[in-house]
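Right, one structure below, let's go through it.
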Number of protein chains: 2
Amino acid sequence: MFNIESTDNFSLILDSAKKRFCRYGLKKTTMTEIAGDIGLSKASLYYYFSTKEELFKEVVKQEHKTFLNEIEGLLSSVVPAEELFHIYLERRLIYFRDFAHLSSLSLESINSLKPVYARLFENLRKEEIRLVSKILEKGIAAQDFENLDIAYYSQLFIAIFQGLRHNVLIKKDTINITEIEYSLLQRQYESALKMFVKGIKK
Amino acid sequence: MFNIESTDNFSLILDSAKKRFCRYGLKKTTMTEIAGDIGLSKASLYYYFSTKEELFKEVVKQEHKTFLNEIEGLLSSVVPAEELFHIYLERRLIYFRDFAHLSSLSLESINSLKPVYARLFENLRKEEIRLVSKILEKGIAAQDFENLDIAYYSQLFIAIFQGLRHNVLIKKDTINITEIEYSLLQRQYESALKMFVKGIKK
DNA sequence: TTTAGACTTTCTAACTAAAAAAGTCAAATG
DNA sequence: CATTTGACTTTTTTAGTTAGAAAGTCTAAA
């Protein structure tokens, strides 16, 4: 979950921020704490990041990018589209569990989330749609899938699985997901993917 | 959406409460207002309903029952299971739009909703799962569907479509759903149903 | 049995002040 | 020059506080 130790302050700040944001969320993490973690003063943080918001966005973006890159790297491989979907969803669930606090913002959003974060998460969603589009393209090119409306089906795909994730959070008041909830979600993901693929297969 | 005018006070209260809860939600509706609508004193309301919470629950339950009964009535008809799913989802969307304010509680729930309402909505969800189970049963009995795990698949069914609905609300800060969002949801419902049925068909 | 006026209790919205956290900057360090 | 910081200002959050509103109660009357 937390990778290599970095050396430069920029990365050290991101690392510490990531840990704290994941554990305590945006609101319950202070700039002073992050600075303290790596033996810097708060003022120094502002040398690297203009605002707390900026820092948070950077953490979220980077984590998401790492996640997407992992899948994207397989796009040009021989792995078939269906298997790519499987891998994508598998990793997506792990990402969901580990970074629930980051995306828990999307829960706060229901009330009164600053538009800037709404835009951030909307962008991440769009990037995932783009990735799914590419997988669909690959499947169509390989004659695995029908020649369908890629834009629509990738949007649908993301909507279904995001929806399933939300069902887990919606009832709860804590962010932590139990093993039972997680394994049910896993099973639902498998079933839903099976249906989705069957629905678009040639 | 709002049916026959009732005569007894019990029903008059429910009618007025329904209208106000749908339009303004639970918090923005006062017992005095409801009483005023039908020319009763607030104290009289408490003769029929012990608490505001009780009244609200009664309204939600009744509306949901009306919705479910409509579909349940078709269970013993010649309408095939697949068509029942179609009808169910069609009505479910209308119900969703018209009573968004009622179920908007499920949004408030994310923060700090009293467990009693959480239980209420959980019960409604369970009743819908039960209905879907019956449709599945019918399909299996008619040899339309595979002999699958009914409990699991009805839960999955509800999860998928509830999830899709949530995707619409999650971004918004208002409860009102635009025509564009609604028609996309309609289309997603159709696609998802198609896949679901294809996935379990014999 | 049903209703309502007058009542009490509970909740909420709007303030406040104090504390905490965000954010700034000139000077210092190396 | 790039980086860091202590001391600073500004903004936000929190914890009271209070007044008004709304929930909820009760007794007497129709």
Side-chain angles (χ1 to χ4, degrees), chain A residues 6-60 101 104-105 107-109 111-118 120, chain B residues 6-60 101 104-105 107-109 111-117 120 173:
Chain A
S6 309
T7 46
D8 58 305
N9 281 344
F10 185 86
S11 305
L12 283 171
I13 294 168
L14 277 177
D15 284 350
S16 166
K18 179 170 71 179
K19 282 176 189 159
R20 287 200 176 265
F21 286 146
C22 282
R23 192 179 199 98
Y24 306 109
L26 174 64
K27 276 182 66 176
K28 291 286 185 190
T29 299
T30 73
M31 294 298 265
T32 309
E33 284 167 346
I34 296 170
D37 284 348
I38 54 175
L40 276 184
S41 78
K42 183 184 57 164
S44 297
L45 255 58
Y46 284 92
Y47 178 74
Y48 296 98
F49 298 93
S50 60
T51 61
K52 184 187 184 183
E53 194 175 292
E54 206 56 48
L55 174 55
F56 179 78
K57 277 161 61 179
E58 197 54 42
V59 167
V60 173
H101 253 116
S104 81
L105 255 182
L107 291 185
E108 297 178 33
S109 77
N111 301 333
S112 56
L113 186 55
K114 281 183 189 172
V116 57
Y117 293 119
L120 170 64
Chain B
S6 308
T7 46
D8 58 307
N9 281 345
F10 185 87
S11 306
L12 283 172
I13 293 168
L14 277 177
D15 285 349
S16 166
K18 179 170 70 179
K19 283 176 190 161
R20 287 201 176 267
F21 286 146
C22 283
R23 191 176 200 100
Y24 306 109
L26 175 64
K27 276 182 66 176
K28 291 287 186 190
T29 299
T30 73
M31 294 297 265
T32 311
E33 284 168 346
I34 296 169
D37 284 349
I38 54 174
L40 276 183
S41 79
K42 182 182 58 163
S44 297
L45 253 59
Y46 283 92
Y47 177 75
Y48 297 97
F49 298 94
S50 60
T51 61
K52 185 187 183 182
E53 192 174 293
E54 206 55 49
L55 174 55
F56 179 77
K57 277 162 62 179
E58 197 53 43
V59 167
V60 173
H101 253 116
S104 81
L105 254 183
L107 290 186
E108 295 179 35
S109 78
N111 302 333
S112 56
L113 187 55
K114 281 183 188 170
V116 57
Y117 293 120
L120 170 64
D173 48 354

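Every chain is numbered from 1, with letters handed out A, B, ... down the list of sequences. Just so it is clear, the model here is predicted, and its values are computed rather than measured.
Taking atom CG of A:Leu45 as the reference point, atom P of C:dC25 lies 17 Å away to the nearest angstrom. Regarding A:Phe10, its CZ atom lies at a distance of 16 Å from the C1' atom of D:dA2, rounded to whole Å. Here D:dT4 presents its C1' atom at 11 Å from CD1 of A:Ile13, a figure rounded to the nearest Å. With rounding to whole Å, B:Glu53 atom CD is found 12 Å from C:dC11 atom P. As a whole-Å value, the separation of B:Glu54 CD from D:dT25 P is 12 Å. Put simply, CZ on A:Phe56 is 18 Å from P on C:dA21, counting in whole angstrom units. The CD1 atom of A:Ile34 sits 12 Å away from the P atom of C:dA21 (whole-angstrom rounding).
Contact annotation: A:Asn9 does not reach the phosphate of D:dA2 (side-chain N/O to OP1 or OP2, under 4.0 Å). Regarding contacts with the backbone of C:dT3, every side-chain N or O of B:Ser44 stays at 4.0 angstrom or more from both OP1 and OP2. Residue A:Tyr47 places no side-chain N or O under 4.0 Å from the OP1 or OP2 atom of D:dT4.
Residue B:Met31 forms a side chain to side chain contact (heavy atoms under 4.5 Å, CB included) with just one option from B:Thr51, B:Ile13, B:Leu45, and that option is B:Leu45.
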Take B:Phe49 and B:Leu14 through the side-chain contact (heavy atoms from CB on, under 4.5 Å) test and state the conclusion after the steps. CA-CA 10 Å; B:Phe49 298 94; B:Leu14 277 177; 3.9 Å; yes
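Looking at heavy atoms from C-beta onward, B:Tyr117 lies in side-chain contact with B:Leu26 at the 4.5 angstrom threshold. For the pair A:Phe21/A:Leu55, a side-chain contact is recorded, criterion being any heavy-atom separation below 4.5 Å from C-beta on. Using a 4.5 Å heavy-atom threshold, the side chains of B:Tyr46 and B:Lys42 count as touching.
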Between N or O atoms, less than 3.5 Å apart, protein on one side and nucleotides 21-23 of chain D on the other: list the pairs.
unit_1: D:dA23; atom_1: OP1; unit_2: B:Met31; atom_2: N; d: 3.3
unit_1: D:dA23; atom_1: OP1; unit_2: B:Lys52; atom_2: NZ; d: 3.2
unit_1: D:dA23; atom_1: OP2; unit_2: B:Met31; atom_2: N; d: 3.0
unit_1: D:dA23; atom_1: N7; unit_2: B:Lys42; atom_2: NZ; d: 2.8

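Both A:Lys28 and A:Gly39 lie near DNA chain D, and the one whose nearest nucleotide falls closer to the 5' end is A:Gly39.
The distance from the CG atom of B:Asp37 to the OG1 atom of B:Thr32 is 11.0 Å, given to the nearest 0.5 Å.
Residue B:Phe49 is classed as having no contact, given no heavy-atom separation below 4.0 Å to the nucleic acid.
Looking only at distances, a side-chain donor or acceptor of B:Thr29 sits under 3.5 Å from a matching main-chain atom of B:Gly25.
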